[in-house]
*Asks:* 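My questions will all concern the structure given below.
Chain A is the first sequence line, chain B the second, and so forth, proteins listed ahead of strands; every chain is numbered from 1.
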Amino acid sequence: MAEKKSSSESKSQPQASGAKSVDYDFSAHERPFFEAWKDAGYFQRGEGFGKHKDDSYTIVIPPPNITGVLHMGHALNDTIQDACIRRARMQGYQTRWILGTDHAGIATQTKVDKHLAEQGINRREIGREKFIEACQEWREEYGTTIVNQIAAMGCSCDYADEKFTMSPEFSKAVRMVFTDWYHAGIIYRGKRIVNWCPSCTTAIADDEAEYQDEHGHLWYLRYPLKEPVDGRDYITVATTRPETMLGDTGVAVSPQDERYADLVGKTVILPLVNREIPIFSDFYVDKEFGTGFVKVTPAHDPNDFAMGERHGLEKINIFDETAHVVDGFGKFSGMDRDEAREAVVAAFDELGLLDHVEDLDHSVMHCYRCHSTLEPWLSEQWFVAVDALKEDALKVVEEDKITFYPPRWKSVYLDWLHNLKDWCISRQLWWGHRIPMYYCDACGWQDASVEPIATCPTCGHATRQDEDVLDTWFSSQLWPFATQGWSEAGNEAPDIKRYYPTEVLSTARDIMGLWVARMVMASMYCTGEIPFEKVIIHPTVMGADGKPMSKSRGNGVDPVQLMKDYGADGMRFGLLMQVTGAQAMRFDYQKIESSRNFANKIRNAARFVLMHLDGYIPGAPEPTTPADRWIFSRLAHLVAQVDTAFDAFEFGEVTRLLYSFFWNEFCDWYIEFSKSRLANEDDPADKLACQRNLLFVLETALRLLHPIMPFITEEIYQEMPDKNGGPWLIGAPWPDADALRAYIDNDAERSIDLVCEVVSAIRSARSRYGVSPREALNVFVQADAQDVVLLEAQSGLITSLGNTADLVIAEEVSRPAQSIVSLGSGIEVYTDLAGKVDFEAEAARLEKEKAKLAADCQKLEKKLSNEGFLAKAAPEIIAKDRARLADLQDKLERIERQQEELGF
RNA sequence: GGUCGGAUGGCGCAGCGGGAGCGCAGGUGCCUUACAAGCACAAGGUCGGGGGUUCAAAUCCCUCUCCGACCACCA
């Protein structure tokens, strides 16, 4: 990396103005460090060290689809995981971040279909085997894209051991679980109404259906009675889907509906098809809605299906798999569902049976993949009976064996499981895990099997395997353990023994049920253990307009472009800055930009430290001055606070702590304090101490920043003279809050706070009167005896930062006539501005300040004279308020004295 | 219909029982030898409305208004 070091400085792009800025060209800097970490083996199973040596810390990445490209959701989620795993690695845990991709059944099949169609190839023409080959080829060509993008982010996953949900190891696990559950009666086959996508020609699960409100109509259709009842010769049903009447096998009324009680048991002649169907009563019907008559189509509506089951109705399927009307329906046969709707309505109209039409907004199910309108369709499918699985999954969360961050997601999880219905797992696709069911058509034998069964064990005939594949989530639910050798040795697999259960799972809220809950169910059943201890539900990244990012809205942001523009570090820090407990975060370029600026600030601060190392001799840091003790104390607080925030996964808080320490304390003050010491060649011992302390604080800060900004911190670390944390920062020990606690020093903090106050007072005076910072000023500071001692000891800092000529610090100073005053807590700072003071303006300023002080005083006095407060408030609160009041009163008195002296 | 989240300076957000903060924008002055992607100094808020609990409420409770999410869903 040595050659990188020199180039980084020469690479600075000169500004048009000729300013000496040092810009940082991210893209050129990041990749080499990534390769170096990889080559040094940090991405693979970590050995661990220190007190956590024997503890594992594993994360499984939510496997991105092989069809996917990195989007903002990944960028955020992968940053969170990398921050966690990098910190754990530095803390000495045995870390492992398992990387892999998901075969993504429907998504991939759709993409490959489209890809083939462009070449004029139809899936059905080339057949199943050839199509799967095409999918494999597609995966090899495009499936690496997202992994490369994850690498560009700097994610420290185990790239050498990449997993795939259709690898031989994984496929075996899928077959094992299917077979096991089949034999346990958890998986069963049934003819049910499922959500059918006529475009993907497959069933999808209930969770995969998306509801959208649409403008529609309610058609009122007349169905003639076979025999008139009390002069009535027809009834009227209301429907949003008139075309399904072709499959009607009954008409239902509410049992409470006395209007039609005498019609129950009568028969209706279904128009167009002339089918005789019964009128019956069923509790499902709401007599208030529509006409009170419900047409019942058991094959095309789940509620009608249930009614059909209850009343033994025939289930007539009128659609084929592409939602075209099947043969046997005359002119309607062959029409698609929309044509059929129009034709049916027209036919009713022609026959005078169309009563009337109303507008109705209703929600319609759409395929989450292709967004086609879903068709409730009767078909043979495989299901998972969830009741047997959900008990344990509920229990471990109810008992907090698994913790959610933020905690409110716990109830979302529990609610989802409580309402869970059986899960349709069969998909009529080619790309996916083929269901390991084997059938003998000769003797009717059938069984599930992990290994293929070619001939029937009963009669010896050739078997055939089920044509369907499994829902992608069926394999995804096995991800935390099937990636760790479970299919070879179960719980005895070395990785399972060492790295399972995993530590944290980080994901978006939208797959809480689809994935998170199912992983828990599967893991509890298959391994008897929870799959992870903590679940982070991060906010959803929205567009700048607060709406979900989408192509049609044009509010999307490409993380790859962000990394180009702001660097991976800038993007990572900027994203984490926005992570709060909220359910959504509005993407904010300004945060990314300020993070990029922060990265630049870090680079420049490091440059300052590293360019002032002449005469440096390695050695232990030692805080010798109050400034040293102050920054060490601040650092000790910082580490403890960062630990607390990190442990609670409060990433926004972590970034804020790091940002303000590094920028507002280390750069704004400590580095400024150091300048005079570094320039003073007369005291080489102090200069050396200063160098060592600068290096120590910088290095500690780099370690704290590294999990979030891995590249720039590593780059700087490589340029440092001592590598106290080992050859690479990625493997350096995480700062130990307990060890640093000894540096906490309240006296030093008070001392430097005073210095800052005086310096700020001088700067403020300058600014108000337009006095250049280069013009040295006479300054008189009045303080109590104790503070005089503290300030006297630091007068050098005040002189250099405030640029003072004469600096007098005493318990009583005589104020120069042409000076202005600034009142601090317990101190008064007089800045001599010979001839420049606008006394009227000063008087106005003092008056304003006085008014504010007086108001604050009054509030506090009232509070402190309140007996209830004195009796019930915590003693330390009372003491604090008393001290505050004393300070305010003191200030008020002094301000009044100032006014007198000024003669106002 | 059910559940949950949000409303804080111009914008985006943090804070969630005891002195209103951050980033960005805007203002003034600075090429101060690490950094103009910067430095310094100012300015800006009765914390959505109403009620309650408390010695004390931006923070807890109730209610209203307005946004947002998820679940369920009527033919």
Side-chain angles (χ1 to χ4, degrees), chain A residues 15 17-24 207 211 218 237-241 244 252 284-286 288-297 301 303-304 360 362-363 406 408-409 411-412 415-416 419 509-510 512-513 540 542 544 546-548 566 570 574 577-578 580-591 593-612 650 652-653 655-656 659-660 667-668 671-672 675 679 759-760 763-768 770-774 803 856 859-860 863 866-874 876-878 880-881 884 888:
Chain A
Q15 300 283 301
S17 63
K20 306 156 292 274
S21 85
V22 177
D23 287 357
Y24 176 53
D207 320 273
Y211 283 89
L218 197 56
V237 298
T239 179
T240 54
R241 301 208 50 199
T244 62
Y284 167 75
V285 180
D286 171 7
E288 304 302 328
F289 190 90
T291 61
F293 289 105
V294 179
K295 61 187 276 307
V296 180
T297 323
D301 182 282
N303 295 312
D304 291 7
L360 180 77
H362 60 135
S363 61
R408 71 188 135 88
W409 295 106
S411 61
V412 177
D415 289 349
W416 189 87
N419 297 327
R509 61 188 151 86
D510 55 343
M512 169 73 87
T540 307
M542 300 295 187
K547 300 264 165 51
Y566 300 98
M577 258 177 126
Q578 298 170 75
T580 66
Q583 65 185 6
M585 55 184 252
R586 203 176 281 225
F587 180 81
D588 187 358
Y589 268 108
Q590 290 166 344
K591 284 279 189 334
E593 209 171 306
S594 84
S595 299
R596 186 257 332 248
N597 295 353
F598 182 47
N600 197 41
K601 189 76 179 176
I602 296 168
R603 160 118 220 113
N604 281 303
R607 221 169 71 96
F608 173 85
V609 174
L610 297 173
M611 71 170 43
H612 289 92
E650 288 167 356
E653 181 67 10
T655 57
R656 255 169 263 124
Y659 187 99
S660 66
C667 291
D668 287 352
I671 284 184
E672 294 304 321
K675 285 179 177 172
V759 170
S760 292
R763 285 172 175 169
S764 176
R766 272 182 206 287
S767 185
R768 262 181 288 136
V771 178
S772 162
R774 273 169 303 182
N803 190 16
D856 287 350
K859 246 195 315 198
L860 264 182
K863 190 173 174 187
N866 182 331
E867 280 175 32
F869 175 69
L870 296 172
K872 294 186 181 176
E876 62 269 24
I877 297 294
I878 298 172
K880 202 174 143 196
D881 280 345
R884 231 182 91 220
L888 289 174

*Asks:* Would you kindly give the CD1-to-P distance between Ile671(A) and U33(B), to the nearest whole Å?
*Replies:* 15 Å

*Asks:* Please classify the nucleic acid contact of Ser764(A) as base, sugar-phosphate, or nothing, using heavy-atom distances under 4.0 Å.
*Replies:* sugar-phosphate

*Asks:* Would you say Lys675(A) places a side-chain N or O within less than 4.0 Å of OP1 or OP2 belonging to A34(B)?
*Replies:* yes

*Asks:* Answer yes or no: is there a side-chain heavy-atom contact under 4.5 Å between Thr540(A) and Arg509(A)?
*Replies:* yes

*Asks:* So, is Asn600(A) near the phosphate of G38(B), with a side-chain N or O under 4.0 Å from OP1 or OP2?
*Replies:*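 Negative; the distance criterion is not met.
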
*Asks:* What's the gap between C62(B) and C22(B) when it is taken at their C1' atoms, as a whole Å value?
*Replies:* 32 Å

*Asks:* Select base, sugar-phosphate, or nothing to describe what Asp668(A) touches, counting heavy atoms under 4.0 Å on all strands.
*Replies:* sugar-phosphate

*Asks:* Taking Asp415(A)'s backbone N and O only, do any of them form a donor-acceptor pair with Asn419(A)'s side chain (distance below 3.5 Å, no angle check)?
*Replies:* yes

*Asks:* With a non-hydrogen cut-off below 4.0 angstrom, is Ala252(A) in contact with a base, only sugar-phosphate, or nothing?
*Replies:* nothing

*Asks:* Suppose we define a pair by two distances each less than 3.5 Å, Watson-Crick or G-U wobble; what does U46(B) pair with here?
*Replies:*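 The base-pairing partner of U46(B), which may sit in any strand shown, does not exist here.
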
*Asks:* In whole Å, I'd like the distance from the NZ atom of Lys863(A) to the P atom of G19(B).
*Replies:* 5 Å

*Asks:* From the set A34(B), A69(B), C74(B), return the single nucleotide nearest to any side-chain atom of Gln583(A).
*Replies:* A69(B)

*Asks:* Is there a Watson-Crick or G-U wobble partner for C4(B) with both distances under 3.5 Å, and which nucleotide is it?
*Replies:* G68(B)

*Asks:* Produce the list of close N/O pairs, under 3.5 Å, pairing protein atoms with atoms of nucleotides 6-17 of chain B; give distances to one decimal.
*Replies:*
residue, atom, partner, partner atom, Å
G12(B), N2, Lys591(A), NZ, 3.1
A14(B), OP1, Thr580(A), OG1, 2.6
A14(B), O2', Arg656(A), NH1, 2.7

*Asks:* When you compare G18(B) with U54(B), how far apart are their C1' atoms, in angstrom units rounded to a whole number?
*Replies:* 12 Å

*Asks:* Figure out the CE/C1' separation between Met542(A) and G5(B), and round it to whole Å.
*Replies:* 12 Å

*Asks:* Can you tell which of C35(B), A34(B), A75(B) lies closest to the side chain of Ala605(A)?
*Replies:*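 Of the candidates, A34(B) comes closest.
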
*Asks:* Could you work out the separation of G51(B) and G19(B) based on their C1' atoms and round it to a whole Å?
*Replies:* 27 Å

*Asks:* Atom CZ of Arg768(A) to atom C1' of C30(B): distance rounded to whole Å?
*Replies:*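 The distance from CZ of Arg768(A) to C1' of C30(B) comes to 17 Å, rounded to the nearest Å.
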
*Asks:* Check this for me: does the side-chain of Ser594(A) come within 3.5 Å of the base of C24(B) through a donor and an acceptor?
*Replies:*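 When only heavy-atom distances are counted, Ser594(A) does not reach the base of C24(B) through any donor-acceptor pair under 3.5 Å.
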
*Asks:* Nearest to the side chain of Arg774(A), which nucleotide is it out of C31(B), A34(B), A40(B)?
*Replies:*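 Closest of the options to the side chain of Arg774(A): C31(B).
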
*Asks:* Could you check whether any side-chain N or O of Gln578(A) sits under 3.5 Å from a backbone N or O of Asp588(A), counting only pairs where one atom can act as donor and the other as acceptor?
*Replies:* yes

*Asks:* Between the side chain of Ser767(A) and the main-chain N/O of Arg763(A), is any donor-acceptor distance below 3.5 Å?
*Replies:* no

*Asks:* What is the distance from CD of Glu672(A) to C1' of G38(B), rounded to the nearest Å?
*Replies:*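 It is 12 Å, rounded to the nearest whole Å.
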
*Asks:* Measure from the side-chain heavy atoms of Asn303(A) and tell me the nearest of U3(B), C74(B), G18(B).
*Replies:*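 Per side-chain heavy atoms of Asn303(A), the pick is C74(B).
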
*Asks:* For the C1' atoms, the ones on G17(B) and on C35(B), what distance do you get once it is rounded to whole angstrom?
*Replies:* 42 Å

*Asks:* Between C73(B) and Tyr211(A), is there an OP1 or OP2 to side-chain N/O distance shorter than 4.0 Å?
*Replies:* yes

*Asks:* So which nucleotide from A69(B), G18(B), C39(B) ends up closest to the side chain of Arg509(A)?
*Replies:* A69(B)

*Asks:* Provide the distance between the two P atoms, one in C39(B) and one in G44(B), to the nearest whole Å.
*Replies:* 23 Å

*Asks:* Taking all heavy atoms of Lys295(A) and all of Asp304(A), pick out the closest pair and write down the distance.
*Replies:*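 Taking Lys295(A) first and Asp304(A) second, the nearest heavy atoms are O-OD2, 3.4 Å.
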
*Asks:* Hey, which sits more toward the 5' end of RNA chain B by its nearest nucleotide, Asp286(A) or Asn866(A)?
*Replies:* Asn866(A)

*Asks:* Taking a pair as Watson-Crick or G-U wobble with both distances under 3.5 Å, which nucleotide is matched to C41(B)?
*Replies:* G27(B)

*Asks:* With rounding to whole Å, what would you report as the distance between G2(B) and C64(B) at their P atoms?
*Replies:* 12 Å

*Asks:* Using a cut-off of strictly less than 4.0 Å, decide whether Ser767(A) has a side-chain nitrogen or oxygen near OP1 or OP2 of C30(B).
*Replies:*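 The answer is no; no side-chain N or O of Ser767(A) sits under 4.0 Å from OP1 or OP2.
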
*Asks:* Name the pairing partner of G21(B), where a pair is Watson-Crick or G-U wobble with both distances under 3.5 Å, or state none.
*Replies:* C13(B)

*Asks:* Looking only at the side chain of Asn419(A) (C-beta and beyond, no hydrogens), which of the listed nucleotides A34(B), C71(B), G18(B) gets closest?
*Replies:*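 The nucleotide sitting nearest to the side chain is C71(B).
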
*Asks:* Which nucleotide, A34(B), C41(B), G19(B), lies nearest any side-chain atom of Arg884(A)?
*Replies:*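 The nucleotide sitting nearest to the side chain is G19(B).
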
*Asks:* Backbone N or O of Ser760(A) within a donor-acceptor pair of the Ser764(A) side chain at under 3.5 Å?
*Replies:*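 Checked: no pair found.
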
*Asks:* I want to check something: taking the side chain as every heavy atom from C-beta on, are Leu860(A) and Leu888(A) in contact at a cut-off of under 4.5 Å?
*Replies:* yes

*Asks:* Take atom CD of Glu876(A) and atom C1' of A56(B), then tell me their distance rounded to the nearest Å.
*Replies:* 14 Å

*Asks:* Can you tell me the distance, in whole Å, between the CE atom of Met611(A) and the P atom of U33(B)?
*Replies:*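 Roughly 12 Å, once rounded to whole Å.
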
*Asks:* In Å and rounded to the nearest 0.5 Å, what is the CZ to NZ distance from Arg586(A) to Lys547(A)?
*Replies:* 8.5 Å

*Asks:* Starting at the 5' end of RNA chain B and moving along, which residue's nearest nucleotide shows up first, Asn597(A) or Ser760(A)?
*Replies:*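 Upstream on the strand: Asn597(A).
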
*Asks:* What is the nucleic acid contact for Val296(A), judged by heavy atoms within less than 4.0 Å: base, sugar-phosphate only, or nothing?
*Replies:*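 Since no nucleic acid heavy atom lies under 4.0 Å of Val296(A), the category is nothing.
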
*Asks:* State, yes or no, whether a side-chain contact exists between Phe598(A) and Thr655(A) at a heavy-atom distance under 4.5 Å.
*Replies:* no

*Asks:* Answer with base, sugar-phosphate or nothing: what part of the nucleic acid does Ala873(A) contact at a heavy-atom distance below 4.0 Å?
*Replies:* base

*Asks:* Using the P atom in both, what is the distance from G45(B) to G21(B), to the nearest Å?
*Replies:*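 13 Å, rounded to whole Å.
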
*Asks:* Rounded to whole Å, how long is the line connecting atom OH of Tyr659(A) with atom P of G21(B)?
*Replies:* 18 Å

*Asks:* Parallel, tilted or perpendicular for Tyr589(A) and Phe587(A), by the 30°/60° rule?
*Replies:* perpendicular

*Asks:* Atom CD of residue position Glu876(A) - does it have more than 12 heavy atoms of other residues, nucleotides or ligands inside 6.0 Å?
*Replies:*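 Buried by this count: over 12 neighbours within 6.0 Å.
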
*Asks:* Please pick, from C41(B), A34(B), G18(B), the nucleotide with the shortest atom-to-atom distance to any side-chain atom of Asn604(A).
*Replies:* A34(B)

*Asks:* With C1' as the reference atom in both, quote the distance from G50(B) to G10(B) in angstrom, rounded to an integer.
*Replies:*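 Here G50(B) and G10(B) have their C1' atoms 27 Å from each other.
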
